[in-house]
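First the structure, in the form of structure tokens, and then the observations on it.
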Amino acid sequence: MSDINKRPEWKEYFVGIARLVSKRSTCTRRKVGAVLVRDKRVLATGYNGAPSGLSHCEETGCIREKMAVPSGQRHELCRGLHAEQNAIIQAAYHGINIKDAIFFCTTLPCSICFKMIINAGIKEVVYEEGYPDDLTVAFLKESDIKMTKY
């Protein structure tokens, strides 16, 4: 069977959707996509960027770049929301239950997003790239959330 006819397995399928979602990002430093899934069904998606109706970093420039803030630090110094935050917010906005869902993310969630993931009742995170936030690793050790690098 040729590659064009190869059917992707489920993780590959949802990671591919997260990659596609990341292309909507308006962040000038890192394009991130996230997909919430339960029972092999997409519940919500999110990408990193400014809140609805506000100017995007592509238009205003990056606050973090201007201040030389290293990746993984001072998350509050940013116009944008993270992809994971936007996916959780979209689910809440539309009344979608995400308890026991799996998060497929192009990047390891930061510690702020990981705290939200814990409290949202998400059971697993599948991610592609690492992220320099040691607090995420510390929280992971204390949580019951399964974390898988794809």
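Residues take their numbers from the sequence shown, with the count starting at 1.
Atom NZ of K141 has 12 or fewer neighbouring heavy atoms from other residues, nucleotides or ligands inside a 6.0 Å radius. Within 6.0 Å of OH in Y13 there are 12 or fewer heavy atoms belonging to other residues, nucleotides or ligands. Within 6.0 Å of atom NZ in K23, 12 or fewer heavy atoms from other residues, nucleotides or ligands are found, so the atom counts as exposed in its surroundings.
Checked by atom type and distance alone, the side chain of T26 never pairs as donor or acceptor with a backbone atom of E58 at under 3.5 Å. Without hydrogens or angle criteria, E59 side chain to H56 main chain gives a donor-acceptor distance under 3.5 Å. Side chain of S22 to main chain of V32: no donor-acceptor pair is present (N/O by atom type, distance under 3.5 Å, no hydrogens or angles). When atom types are taken as modelled, the side chain of N48 and the backbone of S25 share no donor-acceptor pair closer than 3.5 angstrom.
At a threshold of 4.0 Å, the pair E12-K6 counts as salt-bridged, since one of the basic side-chain nitrogens sits closer than that to a carboxylate oxygen.
Using a 30° and 60° split on the angle between ring planes, H82 and H75 fall in the perpendicular class, above 60°.
Note: E9 CD to F14 CZ = 10.0 Å, rounded to the nearest 0.5 Å. Atoms CG and CG, on L43 and N97 in that order, are 8.0 Å from each other to the nearest 0.5 Å. Interatomic distance, CE of M67 versus SG of C62, reported as 10.5 Å (0.5 Å rounding). Here CG of D133 is found 9.0 Å from CD of Q73. Values are rounded to the nearest 0.5 Å. Here E76 contributes atom CD and R64 contributes atom CZ; the two are 8.0 Å apart, rounded to the nearest 0.5 Å. Between the CD1 atom in I145 and the CZ atom in F103 there is a gap of 10.5 Å [rounded to 0.5 Å].
A 4.5 Å side-chain heavy-atom check between T106 and E129 finds every atom pair outside the cut-off.
Closest heavy-atom contact between T60 and R79: OG1-CD, 3.3 Å. Heavy atoms only, all atoms of each residue included: L36 and A101 are closest at CD2-CB, 4.1 Å. The two atoms that bring L108 and Y131 nearest to each other are O-CB, 3.3 Å, heavy atoms only. Counting all heavy atoms, side chain and backbone alike, R19 lies closest to E128 at NH2-OE2, 2.5 Å. Between I98 and A91, the closest heavy-atom pair is CG2-CB, 3.5 Å. Scanning all heavy atoms of the two residues, the minimum distance from T148 to K11 falls at CG2-NZ, 3.9 Å.
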* To do: In sequence, state the C-alpha distance, the side-chain angles, and the governing distance for Y127 and M147, and then conclude on side-chain contact (heavy atoms from CB on, under 4.5 Å).
  => CA-CA 8 Å; Y127 69 97; M147 185 78 75; 3.6 Å; yes
Side chain to side chain donor-acceptor pair (under 3.5 Å) between T107 and R30, intermediate numbers included
CA-CA 9 Å; T107 303; R30 181 189 308 259; 4.5 Å; no
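Taken together through direct or relayed side-chain contacts under 4.5 Å among Ile, Leu, Val, Met, Phe, Trp and Tyr, I96 and Y47 form parts of separate hydrophobic clusters. Tracing side-chain contacts under 4.5 Å through hydrophobic residues (I, L, V, M, F, W, Y), one never reaches V126 starting from I117; they form parts of separate clusters. Linking Ile, Leu, Val, Met, Phe, Trp and Tyr residues whenever their side-chain heavy atoms come within less than 4.5 Å places V21 and I102 in a single cluster. There is a path of hydrophobic side-chain contacts, each under 4.5 Å, that joins I63 to V69. L135 and I112 end up in different hydrophobic clusters when Ile, Leu, Val, Met, Phe, Trp and Tyr side chains are linked at under 4.5 Å.
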